[in-house]
Amino acid sequence: MSRYNPKDIEPKWQSAWSKSGIYDAIDFDKKRQKYIMLTEFPYPSGSGMHIGHMREYTLGDIIARQKRMLGYNVMFPMGYDAFGLPAENYAIKNKIAPQKSTEEAVNNFQSQLESMGFSFDWKRSFKTTDPDYYHWTQWLFLKFFEAGLAYQAEIAVNWCPFCKTGLSNEEVINGRHERCDNPVTKKQLKQWMMKITDYADRLIDGLDSIDFPSRIADQQINWIGRSKGVEVSFKLKNSDDNILVFTTRPDTIYGASFIVLAPEHPLVKQITTIEQRDEINSYIASAATKTDLDRQTDEKDKSGVFTGAYAINPATKAPIPIWIADYILMGYGTGAIMAVPAHDERDFAFAKAHNLDVVEVIKPAKASLLPYAGEGILTNSAKYDNLSSSDAREKISADLVKANLAQEKTNYRMRDWIFSRQRYWGEPIPIIHCDIHGAVPVNEADLPILLPEVENYEPSENGDSPLAAATDWVNTTCPKCGEPAKRETDTMPNWAGSCWYYLRYFDAKNNKEFVAKDKLDYWQNVDMYLGGMEHTTLHLLYSRFWHQFLFDQGLVPTPEPYMARRGQGIVLASDNTKMSKSKGNVVDPKEVIDSGYGADALRLAITFLAPYDQTTPWSPETLGGTYRFLQRVWTLVDEYLVNEHSGGENDEIKRAVNLMSKQVSEDLEHMSYNTAIASMMEGVNKLYKLKAKDKYSSSDWQWALETLSLLLAPFSPHISEEIWQLLGNKESVHTQKWPGFDAKWLKQDEITLAVQINGKLRGQISLAANTTQEDAEKVVLSDEKISKHLEGKEIKRVIYVPNKLLSYVVG
RNA sequence: GCCGGAAUGGCGGAACUGGUAUACGCGCACGACUCAAAAUCGUGUUCCUUUUUGGAUUGAGGGUUCGAUUCCCUCUUCCGGCACCA
């Protein structure tokens, strides 16, 4: 008799597997390919990985292992997203060079991953910081540049004063930087931008062709924020200039009683009257210093200043005043609106605050207070009166377009992607600035542009990258004319490397191309992409954009990178709050393994807690339960091996194991991992009962225990391998065929029929399977307990569901 | 405010296309083993009433149906995302 001790078996198999190569993905293999991938490949930080990572990786590993057993050529790679703020901030805080801290963190991660027994193909691994890799990230940037999709612009960027770098809109969450949680301000900077807005429609429409859960697809659609409307021009009263406004509600144009411009709007200076100039200037100045957070907290009070100028409403021909206010954003639409206070909450608040006209032009079906933003019937709108607002929307915009006063226009909430960072730890942008030729791309032959080693890699206050101080590196010559020129010193954001890493796994060592074409054609794209919800409007959106561009360039064979995406839920601490280092409630997987539970029980516990996509609290008790389960499995096998086992067949064993096999297979198909484990527990409980009866006397035991180890293999790979081999098998359990089931053992001769009377359960009877309704009724009526409920009642109707239930309706 | 998701025992959760609600695990109680404890094994465990019987129950209210955790309507609460986007 031996005891289940994970420490005896887990490290042993981990090293055996890594020598064997059984998890390698094979290029051009005849078997069908299946690509399972995890987001975001981790950014190595000193603190290592927590249980949330492990949930995702365990899920991926279960899928990958089962697909291999089902006969697929599985690609299940892992690498490291090692550039970027998290790695760099960690390095700065601990006063280590990022190169060095990254290396340490990677080693730490590597050993953590190995201790969990994941079946990654390590031969394809790389870091985004490897020059062999970022060579091609830079090369791809040049493709964007050549296509005009990477460009420079002087704009007011989101600026994180703590990290001292510009940020994209996606990285600002509730006015704070998503990495360090400090409030974000605005700073005027010349930035590299990516024209993701060119792909806005494709990013929305492409979702129809791929399998993303609606919560992810909807979130992306929401973020892109497509809205269709018209741009209408309002002529200035005393000038031939026009102000363009964007509106989705041209049906309300007769109620437009004033115009509001963003403070940064280019026409403001020109139209402001002398009397208003001081007031306008001071308002512009104060708006410029507000942080996003200030703007959000000031949301309710609608500040603004009159410019002194008027525009003509093209519908009413009436002059209306032009104001400026910071609730109008320069970055959206035209930076100017026609205000319809009767039918827009913000305009209404502004009109009330500044005593401006409110003209009702839409009558709601039910009487309602102003402002009323819904649909209704037009009024005060000349010839459009009595039209429905939707009809009026079409008619009015058509008429305005015909009169050359408007054009149809689609706007997006999403802005172009601010791509440069004023930080050290990123891919250098491969551009050279020449006085004569402007921004010139580096020659492809000169790639990669290596990140130089510098003494001081901390960010600066003034918005210069730390690279600006590396003058030897900065000063170069123009690739076009050979005159002295300077390198771009901003670096790429940490999202750049992860935009295309999934492709590089096809061909990780290639130094001639980013990926060889025949490998792209074989592996195609990711079949199942697992990852957290936090990437939905960041990495997941960015990389779809890159991939769509690569498709347009003929560089990849498919229009979308990820055929299916699933997001795992968050693992909370046991007290139902988020795990955080500061609260000290983070569960460290290493501790769990070392304390004796082992990786197999941990993997089971994470998976068994709840459905994979549900947020759920961590439970040490569940870990105890899954450990106990494995121990029971172990004991079952151990007792079998030390007992004599000759004897006949046992139909009950066949039935129990076939049923377990069916349930586990079906649950895996539906990604219902927690119930798959429940099915195995149920199966093992049954085997314990059968063992008590027949003392392992049946010849079916060997088969039963082998099947159990096959079913358990994707979930708990070490113990499965150990018992598989203890049972006398020589090859790895992980290269075996997934067990099927024989339906003939699942058929039941005798079934339990539920009997309902007026919808209430009144009894259960045992019957031979497939008994006719007539015979079933006879049995029911002869059952005293049930038939007494029918006495003296008129039977109005009888419903019979064969093998399930018999339902009487009585009066 | 808008978009998405959820609500089932003491707890995590199960129930496939409407058909025996509470699988599986935890916890708890009792029993076996033990001098004892732990571990292990076994039995029980939605609630109320109760000898049996019976009644109630899937966040609340209504509807469809012989039958609803499941479908429809109204509402409440919680979680995630977006948020002055014209």
Side-chain angles (χ1 to χ4, degrees), chain A residues 3 173-175 213-223 225 227 229 245-249 252 260 295-296 298-300 302 325-329 331-340 344-347 349-350 373 411-415 533-534 536-537 567 569-570 572 574 576 604-605 608-611 613-626 628-629 631-632 635 663 666-667 670 672 674-685 688-689 692 752-764 785 788 796-799 801 804-810:
Chain A
R3 244 184 96 75
I173 312 280
N174 293 330
S214 65
R215 63 174 172 160
I216 295 177
D218 288 341
Q219 218 168 296
Q220 289 202 342
I221 291 168
N222 215 332
W223 178 262
S227 66
V245 306
F246 176 70
T247 180
T248 56
R249 293 295 302 272
T252 63
V260 192
R295 276 179 96 136
Q296 277 167 24
D298 293 351
E299 207 175 294
K300 288 287 167 281
K302 290 273 179 291
D326 67 1
Y327 81 94
I328 304 305
L329 309 170
Y332 185 79
T334 59
I337 61 144
M338 61 176 213
V340 185
D344 181 283
E345 273 181 48
R346 297 150 302 175
D347 297 347
F350 193 81
N411 268 321
Y412 304 91
R413 208 178 279 226
M414 180 175 68
R415 312 292 149 82
M533 290 301 294
E534 72 275 18
T536 301
T537 54
I570 300 164
L572 302 171
S574 315
N576 245 309
L604 275 188
F608 185 57
L609 276 179
D613 55 354
Q614 193 172 306
T615 295
T616 190
W618 171 246
S619 150
E621 292 80 15
T622 296
L623 176 66
T626 54
R628 234 182 324 266
F629 165 68
Q631 203 172 305
R632 281 163 69 80
T635 305
Q663 285 174 335
E666 285 175 357
D667 285 345
H670 301 130
S672 182
N674 56 330
T675 56
I677 294 170
S679 299
M680 287 188 277
M681 289 171 164
E682 230 175 326
V684 168
N685 289 345
Y688 260 77
K689 293 223 167 79
T752 309
L753 192 79
V755 183
Q756 290 182 349
I757 294 163
N758 282 352
K760 283 211 167 71
L761 184 69
R762 292 300 181 185
Q764 297 171 352
K785 274 189 186 165
K788 74 174 184 193
K796 290 186 176 164
R797 203 176 149 189
V798 184
I799 294 116
V801 183
K804 279 209 167 137
L805 106 170
L806 187 61
S807 178
Y808 289 89
V809 187
V810 299

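Below, read A as the first sequence line, B as the second, and so on, with proteins coming before strands; counting in each chain starts at 1.
Counting non-hydrogen atoms under 4.0 angstrom, A:Pro213 reaches nothing in the nucleic acid. Here A:Met681 lies in heavy-atom contact (under 4.0 Å) with sugar-phosphate atoms only.
Residue A:Gln614 contributes atom CD, which lies 10 Å from atom P of B:G12 at whole-angstrom precision. The distance between atom CD1 of A:Ile757 and atom P of B:U20, rounded to the nearest whole Å, is 16 Å. Rounded to an integer number of Å, the gap from A:Leu761 CG to B:A56 P is 13 Å.
In this model, the phosphate group of B:C66 is approached by a side-chain N or O of A:Arg797 to a distance below 4.0 Å at OP1 or OP2. Between A:Ser679 and B:A23 there is no side-chain polar atom (N or O) within less than 4.0 angstrom of OP1 or OP2. Put simply, A:Arg215 has no side-chain N or O that comes within less than 4.0 Å of OP1 or OP2 on B:C82.
Although no hydrogens or angles enter the test, the distance criterion places a donor-acceptor pair under 3.5 Å between the side chain of A:Ser574 and the main chain of A:Trp618. The closest donor-acceptor contact from the side chain of A:Asp344 to the backbone of A:Ala339 lies at 3.5 Å or more, if one exists at all. A donor-acceptor pair under 3.5 Å links the side-chain atoms of A:Arg215 to the main chain of A:Gly567, judged by distance alone.
A side-chain donor-acceptor contact under 3.5 Å links A:Asn685 and A:Arg632.
Within a 6.0 Å radius of CD in A:Glu345, no more than 12 heavy atoms belonging to other residues, nucleotides or ligands are found.
Nearest nucleotide to the A:Lys760 side chain, out of B:C3, B:G55, B:C66: B:G55.
Looking at RNA chain B, the stems built from 3 or more consecutive Watson-Crick or G-U wobble pairs, each pair with its key distances under 3.5 Å, are B:1-7 with B:76-82, B:10-12 with B:24-26, B:27-32 with B:40-45, B:46-48 with B:54-56, B:59-63 with B:71-75.
Across all non-hydrogen atoms, the minimal contact from A:Tyr327 to A:Lys302 is CD2-CD, 3.6 Å.
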Treating primed atoms plus P, OP1 and OP2 as sugar-phosphate and everything else as base, which nucleotides of nucleotides 38-43 of chain B get B, S or - for protein heavy atoms under 4.0 Å? --SSSS
Begin from the C-alpha positions of A:Val809 and A:Asn758 and carry the test side-chain contact (heavy atoms from CB on, under 4.5 Å) through to its verdict. CA-CA 5 Å; A:Val809 187; A:Asn758 282 352; 3.9 Å; yes
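A donor-acceptor contact under 3.5 Å links the side chain of A:Lys302 to the base of B:C84.
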